[in-house]
Amino acid sequence: MTQDIPKRHEISLSLGELSPRQKHILRLAERQGFVTIDSLSEDFGVSAQTVRRDIIALSEAGLLQRFHGGAGPIGESEAVRLDHEHKAGVAVEEKRRIAEAAAALINDGTSLFIDVGTTMEMTAKALNTRRGLKVFTTSIRAALAFDASRHEVRVLGGRVAGRDGSLVGEEVVLALSGMQLDLALIACSGVDVEGRVMDFSLSKITVKQAAMRAASRTFLLATPSKFGRSALATVARVGDFTEVIDGVAPSVASQVR
């Protein structure tokens with residue numbers, strides 16, 4: 001499956017210029033994680049070609065990510081609408097509760113991998129109160145949240161994958177393959193109704209899977225809005241994680257276990 005990542009210089013359509021149908025397509029994509037041309041055509045009572053033109057326009061505006069047969073939210077932090085600053089301001093309270101819950105389960109001296117994303121960045125800040133952590137991460141922002149005088153922090157080098165400071169590539173996977181960590185903290189784009197933990201970035205999925213193989217325990221950190229959403233490809237299944245931390249009680253994750 002190929003994907004078209006919109007570039008900032010291609011943006012030609014503003015939010016105020018969207019048609020009601022295009023706005024609805026955006027809302028559906030963000031809520032569901034993925035929409036198909038066929039289902040949209042049926043819902044709106046228009047031709048598949050009409051829907052395809054809407055998706056192309058939204059993709060070229062940097063508001064939507066095109067896939068074969070459909071579209072989904074932006075997955076690589078390239079668009080203005082869903083860039084890192086926007087994501088950092090979404091579901092802040094839920095992310096704070098997740099960060100505090102995760103930090104409460106992690107002891108001083110733990111060796112761990114920290115994934116990328118705004119939830120992980122907040123978790124890194126919460127973990128900074130611990131002592132003697134051995135941290136490996138592909139998130140430059142998460143690494144900078146730690147006091148280097150209290151912890152050993154290593155950024156796993158690779159290709160920069162977005163303005164959020166995330167790193168991907170073969171170098172990262174090879175580094176993780178030689179490690180034996182106590183814990184891996186993993187993020188995702190969605191957890192579908194069948195319990196598949198999913199993401200839009202294939203390169204980031206490869207890193208997540210390598211980190212899970214390197215760790216004795218794995219925690220999935222995901223806000224409640226991620227549950228019931230689909231994405232491009234599967235990272236793992238919910239049951240593959242030692243803990244699922246969603247910041248609510250009882251956990252909405254129990255509904256898809």
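Considering only heavy atoms from C-beta on, I55 comes within 4.5 Å of I37 through its side chain. In this structure, the side chains of S59 and Q65 stay at 4.5 Å or more apart for every pair of heavy atoms. Counting heavy atoms from C-beta outward, V207 and L156 have side chains that stay 4.5 Å or more apart. Contact annotation: the side chain of V155 never approaches that of T138 to less than 4.5 Å [non-hydrogen atoms, C-beta and beyond]. Contact check for M120 versus V116: no side-chain heavy atoms found under the 4.5 Å cut-off. In this structure, the side chains of K208 and D115 come closer than 4.5 Å at one or more pairs of heavy atoms. Side-chain contact check for S139 versus E121: some heavy-atom pair is nearer than 4.5 Å. For the pair M198 and I205, the minimum side-chain heavy-atom distance is 4.5 Å or more.
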Exercise for the section: With side-chain hydrogen bond (donor to acceptor under 3.5 Å, both in side chains) as the test, would you mind laying out the steps for S203 and T206 before giving the verdict? Expected result: CA-CA 5 Å; S203 55; T206 301; over 6 Å; no

Problem - Trace of the side-chain contact (heavy atoms from CB on, under 4.5 Å) decision for I114 with T123 - result: CA-CA 9 Å; I114 298 180; T123 301; 6.0 Å; no

Exercise for the section: Give the C-alpha distance, both sets of side-chain angles, the deciding distance and a yes or no for side-chain hydrogen bond (donor to acceptor under 3.5 Å, both in side chains) between D199 and S189. Expected result: CA-CA 5 Å; D199 201 272; S189 295; 3.2 Å; yes

Practice task
Please report the C-alpha distance between L221 and V244 in whole Å, then the side-chain angles of each, then the deciding distance to 0.1 Å, and finally whether the side-chain contact (heavy atoms from CB on, under 4.5 Å) criterion is met.
Solution key: CA-CA 6 Å; L221 276 55; V244 177; over 6 Å; no

Exercise for the section: Run the numbers on L133 and D108 for side-chain contact (heavy atoms from CB on, under 4.5 Å), then give the verdict. Expected result: CA-CA 6 Å; L133 297 178; D108 291 350; 5.6 Å; no

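Checked against ring pair (Phe, Tyr, Trp, His ring centres under 6.0 Å), F146 has the following partners two or more places apart in sequence or in another chain: H151.
Comment: E152 engages R154 in a salt bridge, judged by a side-chain N to carboxylate O separation of less than 4.0 angstrom.
Within the 3.5 Å criterion, the main-chain N or O of I106 finds a donor-acceptor partner in the side chain of R130. Using modelled atom types, no side-chain atom of R229 and backbone atom of G190 make a donor-acceptor pair closer than 3.5 Å. No donor-acceptor distance shorter than 3.5 angstrom exists from the side chain of K134 to the backbone of T110, with no hydrogens or angles considered. Distance alone, capped at 3.5 Å, is enough to place a donor-acceptor pair between the T242 side chain and the T218 backbone. Of the possible polar contacts, one joining the Q22 side chain to the S19 backbone as a donor-acceptor pair under 3.5 Å is found. At distances below 3.5 Å, not a single donor-acceptor pair connects side-chain atoms of R150 with backbone N or O atoms of G132. Side chain of D240 to backbone of R237: a donor-acceptor contact under 3.5 angstrom is found.
Residues V172 and L202 are members of one and the same hydrophobic cluster, defined by side-chain heavy-atom contacts under 4.5 angstrom among Ile, Leu, Val, Met, Phe, Trp and Tyr. No chain of hydrophobic side-chain contacts below 4.5 Å, direct or via other Ile, Leu, Val, Met, Phe, Trp or Tyr residues, connects L58 to I56.
Residue E170 places its CD atom among 12 or fewer non-hydrogen atoms of other residues, nucleotides or ligands, all under 6.0 Å distant.
Taking both residues in full, the closest heavy atoms of M212 and V235 are given as SD-CG1, 4.2 Å, listed atom of the first, atom of the second, then distance. Taking all atoms of both residues into account, the shortest heavy-atom contact from C188 to L220 is SG-CD1, 4.1 Å. Contact between E171 and G158 at its shortest, heavy atoms only, is OE1-CA, 4.1 Å.
Between the side chains of T50 and S47, at least one donor N or O sits under 3.5 Å from an acceptor N or O. T118 and K95 form a side-chain donor-acceptor contact under 3.5 Å, judged by distance and modelled atom types alone. Under the 3.5 Å distance criterion, with hydrogens and angles disregarded, a donor-acceptor pair is assigned to the side chains of S149 and D147.
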List the atom pairs, donor and acceptor, that lie under 3.5 Å between side-chain atoms in residues 176-186 and the rest of the protein, sequence neighbours left out.
| residue | atom | partner | partner atom | Å |
| --- | --- | --- | --- | --- |
| S177 | OG | L174 | O | 2.6 |
| Q180 | NE2 | S216 | OG | 3.2 |
| D182 | OD2 | S111 | N | 2.9 |
| D182 | OD2 | S111 | OG | 3.1 |

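Rounded to the nearest 0.5 angstrom, D54 CG and L40 CG are separated by 9.0 Å.
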